[in-house]
There are 2 protein chains.
Amino acid sequence: MRTLDDIDREILRLLAADARRPYSEIAEAVDRSPPTVSERIDRLQELGVVRRFTVDIDRSLLDTGTPILLDVEVKPAEVESVRAALAESDRVEHVFVTADARVVAQVYVPDGGVRTFLAENVPFDAVREYDVSLLSESDWTPRVGEAELALTCAECGNTVTAEGESLRVDGERYHFCCPSCLDRFESTYERLSGGA
Amino acid sequence: MRTLDDIDREILRLLAADARRPYSEIAEAVDRSPPTVSERIDRLQELGVVRRFTVDIDRSLLDTGTPILLDVEVKPAEVESVRAALAESDRVEHVFVTADARVVAQVYVPDGGVRTFLAENVPFDAVREYDVSLLSESDWTPRVGEAELALTCAECGNTVTAEGESLRVDGERYHFCCPSCLDRFESTYERLSGGA
DNA sequence: GATGAAATTAGTTCAAG
DNA sequence: CTTGAACTAATTTCATC
C-alpha cells in the first residue's frame, strides 16, 4: 500500500478549492496525465480520504433559522447517542465531540427555540447542562496542509505504514499494519460470520 | 428576480450529497431536462448560494496535528481581525464568531502546542482569554432544509423579494428590493468611482 | 423558463512501457 | 506507476416553443 505523496496532496488541495476543475487542468498542475489524476482521485475516495464531492452552501443567504453554537455537556455513556441524534437532525451542520464529553454543534434553530429543538432531538436523560451562543458568522475552509496518511491497524491498533495492506469487507474499509494482522482479522471475521 | 423554488432546493440537496452525479440524474429527479439543471446551477452560483464545489476530506485519516476546539474571548473591536487571522491559517478548518465576541475555531494544532500556535497566528493584544477542548470526533453534513432565499437590499437593507433586482459590480454581487434602490446605488457608485 | 438535437468538452479504459 | 489513443459520457449551446 502506498501512502500519500506530494501529488496526492496537491490534488486534494486543488479539489478542495474547486472540485469542478477539469482533470486536464489538475494533470497539468501536477505534471501528470489526466488518467493518472483520475486513478489517484479514485484511490483517495477508496481510502476514505475524500469522503465525498459536495457543494459549500452559503447558508447566510438562506432563511433557515437562527445559527447558534450549542454546547451540551452529556453523561459520558451517552456521548455517542447524543452525537448521532444531533448529526441526524436536518438543522445541524457540524457536530464536534470533545474529549471531556461535550458535544458542540452548529445548529440552525427553528422558530420554536432551542429548548424545543433539544427536547425533540436529544435524549432527555443524556443532557447534564447546555450552553447556547448566538453566531454572527461562520467560515469553512477545507485544508490539506502537509498531511501524511495516518491509518490505524484494524487488528492491533498500530500505525499503518507503506508496508501495510487493506481489505474491503461488506462495504467497510479496513487497514492493517502487516500481513499477519490481516490474516488474523480475516480468520476472526470468517469465524464470526460463519457462526451467525 | 426569482427566489428559490422547490426545484432549486432539491438540486442543492442532491449536489450537497454528491456533487458529481450527472445532470441527467438530477434532471430526472426534479423532472426537468439537463440544460435546465445546468442553467439553475449556474444561477445558484451566480447568486452566491453555492459558494463552491469542493471535497469533504476526512482529516482524521490525515496526520495533520491534534484537533481541538479553540474558544477565544476577544476584545470586541478585534473580533474581525482575529477571525480573519484564524481563517487565514493553514491549520484552521472552521471559524465561528459568536454574538458575544468569542471566536471559536476548529484547529489542527501542530507539535509546538496551542500557545505557540496562538502567538504565531493571532494578534497578541486582541485576546482576553482562551479555552481549549480536545476533539475526539467531528462531523459535517451540508443541509438545505426548507430554505428560502434571504437577500438583503444593498441600498436600504430591506428583504429582497421576487420583485427585486440584482447587479454585479467589480466581481461583487449586489441585490436590491426595488428599481429605485438599484438606481440610487448605481448613481452613488458612479459618483464615488468617478471621483476616485 | 424550458427543451431536444448538435456540438463541444471531460472522463475512462486499455494496451503497452 | 504512468501514458497516448480510442472510446464513452457529460455538459453547454442554440434555435425554438
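Letters go in sequence order (proteins before strands), and every chain restarts at 1.
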Asker: For C:dA2, does either OP1 or OP2 sit under 4.0 Å from a side-chain N or O belonging to B:Arg40?
Answerer: yes
Asker: Identify the heavy atoms of B:Arg43 and B:Asp8 that sit nearest to each other, and give their distance.
Answerer: NH1-OD2, 3.5 Å
Asker: Rounded to whole angstrom units, what separation is found between the CD1 atom of B:Ile41 and the P atom of C:dA2?
Answerer: 13 Å
Asker: Please figure out whether A:Ile7 or B:Asp42 has its closest DNA chain D nucleotide nearer the 5' end.
Answerer: A:Ile7
Asker: Atom CG of B:Asp5 and atom C1' of C:dG1: how far apart are they, to the nearest Å?
Answerer: 10 Å
Asker: Tell me: CZ of A:Phe53 to P of C:dA10, nearest whole Å?
Answerer: 16 Å
Asker: May I ask you to decide whether B:Arg13 forms a salt bridge with B:Glu10, counting only side-chain N to carboxylate O separations under 4.0 Å?
Answerer: yes
Asker: Strictly below 4.0 Å, heavy-atom distances to any atom of DNA chain C: list the hits from residues 31-39 of chain B, or just say none.
Answerer: B:Arg32, B:Ser33, B:Pro35, B:Thr36
Asker: For residues 77-87 of chain B, pull every pair meeting side-chain hydrogen bond (donor to acceptor under 3.5 Å, both in side chains), keeping only residues two or more places apart or in separate chains.
Answerer: A:Glu137-B:Arg83, A:Asp139-B:Arg83, B:Glu78-B:Ser81, B:Glu80-B:Arg83
Asker: Does A:Arg59 qualify as a cation-pi partner of A:Tyr108, given the criterion of NZ or CZ under 6.0 Å from the six-membered ring centre and within 45 degrees of its axis?
Answerer: yes
Asker: Is a donor on one side and an acceptor on the other found under 3.5 Å between the side chain of B:Ser38 and the backbone of B:Pro34?
Answerer: no
Asker: Tell me whether A:Arg184 at atom CZ has more than 12 heavy atoms from other residues, nucleotides or ligands lying less than 6.0 Å away.
Answerer: no
Asker: Linking I/L/V/M/F/W/Y whenever any side-chain heavy atoms sit under 4.5 Å apart, do B:Trp140 and A:Ile68 land together?
Answerer: no
Asker: Output the rounded distance in Å from CD (B:Glu28) to P (C:dT3).
Answerer: 13 Å
Asker: Quick one, which residues of residues 14-23 of chain B touch DNA chain C with a heavy atom under 4.0 Å?
Answerer: none
Asker: Answer yes when B:Asp5 and B:Arg40 have at least one side-chain N-carboxylate O distance shorter than 4.0 Å, and no when they do not.
Answerer: yes
